[in-house]
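The sequence lines fix the lettering, A, B, ..., with proteins before strands; numbering per chain opens at 1. Since the model is a prediction, treat every value here as computed from it, not as a measurement.
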There are 2 protein chains.
Amino acid sequence: MEQAQRRRGAELEAVLLDAAWDELMETGYTRLTMEAVAARAHTGKQVLYRRWRNRAELVVAAMRHRTGSIVGNVPDTGSLRADVLAVLQRMADRFETLGPEVVHGLLAEAPDLDPEVYTRMAGVMATIVKRAAERGEIPTADVPDRVLTAATNLLRHEMLFAGEPVAPSTLTSLVDDVFLPLVSGTRERSE
Amino acid sequence: MEQAQRRRGAELEAVLLDAAWDELMETGYTRLTMEAVAARAHTGKQVLYRRWRNRAELVVAAMRHRTGSIVGNVPDTGSLRADVLAVLQRMADRFETLGPEVVHGLLAEAPDLDPEVYTRMAGVMATIVKRAAERGEIPTADVPDRVLTAATNLLRHEMLFAGEPVAPSTLTSLVDDVFLPLVSGTRERSE
DNA sequence: ATCCGTAAGAGACGCATCGTCTCTAAGGAG
DNA sequence: CTCCTTAGAGACGATGCGTCTCTTACGGAT
């Protein structure tokens with residue numbers, strides 16, 4: 001017998017998500033088709049459509065299944081600079097495995113899904129800055145959101161537009177030329 | 001007679017690009033089809049494919065035809081803050097007429113076309129900063145590229161990710177919380 | 001242990017659109 | 001006036017979507 005037995009529940013779901021992920025890595029996002037994923041998982045399209053309404057949802061689910069929550073633990077190295085660099089490095093690594101094509105595709109077809117991550121990133125940065133202020137590294141933790149998210153947003157922008165993988169110097173430049181000056185400068189917030 | 005005479009050359013091209021633009025405004029990017037554009041221009045698809053290889057090229061051409069060069073004249077109001085705000089405002093306006101769906105779609109299907117604009121923006125900002133330094137508004141015009149492009153890149157990021165039209169307060173926040181502190185802070189560039 | 005309902009596995013279906021190909025005839029170049 | 005390019009129109013095969021249908025495995029309820 002070819003097919004020993006039918007898969008069900010969580011077991012089946014894992015197979016489907018793995019198939020989607022493999023297909024994503026091999027063919028990219030735009031050329032990923034539901035039929036190819038179904039075929040790779042040795043099942044029918046209906047099994048996919050029963051769980052996810054479209055390609056975008058399936059792919060997002062596959063990404064989550066593969067790499068887990070994106071904003072897991074907040075780095076805490078004891079140095080503000082190192083903490084921020086660690087966050088940026090993590091973003092860059094993640095982007096590296098996906099590639100620009102996948103991100104562009106997802107942004108176009110599932111624009112409502114990414115903002116979530118993008119918002120939560122502010123929380124991570126807030127924690128890092130708060131710790132740095134408590135250590136006395138910077139004058140205050142009272143930093144505008146705009147500044148908190150500046151480095152991560154600029155990195156995201158860079159990854160979306162630059163055709164090439166992110167250079168290590170980009171990360172240090174973001175921290176040293178933009179982020180640190182902004183949070184460490186003695187700034188009175190004008191009312 | 002329905003069709004008085006055949007269009008040719010530049011005349012025909014203009015009709016095609018106008019049709020593409022109208023279609024873009026009405027149905028958006030992803031739902032824009034070559035057949036619809038051809039039909040609207042009262043011609044066949046081959047006429048389109050003879051000039052542009054695909055949807056992305058056609059749409060980009062239509063945008064250029066409609067709105068001309070993107071980085072035209074550099075604002076020169078006499079105030080650094082007002083100059084930068086003017087640049088950001090112009091970006092926001094342009095984005096407003098297109099809408100996020102079009103930009104996302106283009107980014108996904110024609111990722112090589114936008115970097116051009118994105119690079120030239122640095123030149124505009126460099127000019128503005130240079131003038132401000134000559135007026136004595138800021139200590140030096142020797143500002144890293146990273147800083148020069150920070151405001152425009154952050155705005156672009158915002159437009160891509162925020163689901164909503166850009167609030168006026170976003171522009172002022174970018175200038176007052178990020179850009180001006182970066183260029184006006186007395187910074188020694190550490191070697 | 002048996003029954004039954006849910007859902008897996010498989011594929012056909014209609015639809016939309018792509019990009020190519022074909023055909024006729026218009027109209028500018030010579 | 002003739003010829004050659006190409007506009008205008010539509011047919012075509014291929015692809016993939018999302019839905020529907022059908023059979024049958026399996027696991028929970030009795």
Check: Does any N or O in the side chain of B:T152 come within less than 3.5 Å of the main-chain N or O of B:T149, such that one atom is a donor and the other an acceptor?
Finding: yes
Item checked: Side-chain donor/acceptor of A:H104 to backbone N/O of A:L160, under 3.5 Å -> yes
Notebook entry, point to check: According to a strict under-4.0 Å criterion, is A:R7 in side-chain N/O contact with OP1 or OP2 of C:dG9?
Noted result: yes
Checklist line | A:R40 CZ - C:dG9 P separation (whole Å) | finding: 17 Å
Check: Just to confirm, is there a sub-4.0 Å distance from OP1 or OP2 of C:dA8 to any side-chain nitrogen or oxygen of A:R50?
Finding: yes
Notebook entry, point to check: Between C:dT17 atom P and B:L58 atom CG, what is the distance in whole Å?
Noted result: 16 Å
Notebook entry, point to check: Can you name the residues that form a ring pair (Phe, Tyr, Trp, His ring centres under 6.0 Å) with A:H157, not counting sequence neighbours?
Noted result: A:F161, B:Y118
Check: Which nucleotides of nucleotides 13-19 of chain D have their base under 4.0 Å from a protein heavy atom (B), which only their sugar-phosphate (S), and which neither (-), written as one string 5' to 3'?
Finding: ---SBBB
Next item on the list: Find the distance A:L12:CG to D:dA25:C1' and express it as a whole number of Å.
Entry: 13 Å
Margin query: Using a 3.5 Å distance criterion without hydrogens, assess whether the side chain of A:E137 forms a donor-acceptor pair with backbone atoms of A:L80.
Written below: yes
Next item on the list: Please state how far atom CG in A:L48 lies from atom P in C:dA10, giving the value in whole angstrom units.
Entry: 12 Å
Item checked: Where A:A150 and B:L154 come nearest, the two heavy atoms and their spacing -> O-CD2, 3.8 Å
Checklist line | Between D:dA25 (C1') and A:R6 (CZ): distance, integer Å | finding: 4 Å
Notebook entry, point to check: Is a side-chain donor-acceptor pair under 3.5 Å present for B:S173 with B:D177?
Noted result: yes
Check: Atom CD of B:E23 to atom C1' of C:dT17: distance rounded to whole Å?
Finding: 14 Å
Margin query: Just N and O in the side chain of B:R51: are any of them under 4.0 Å from OP1 or OP2 of D:dA7?
Written below: yes
Note to self: Using whole Å, what does the distance between atom C1' of nucleotide D:dC26 and atom CD of A:E11 come to?
What the structure shows: 13 Å
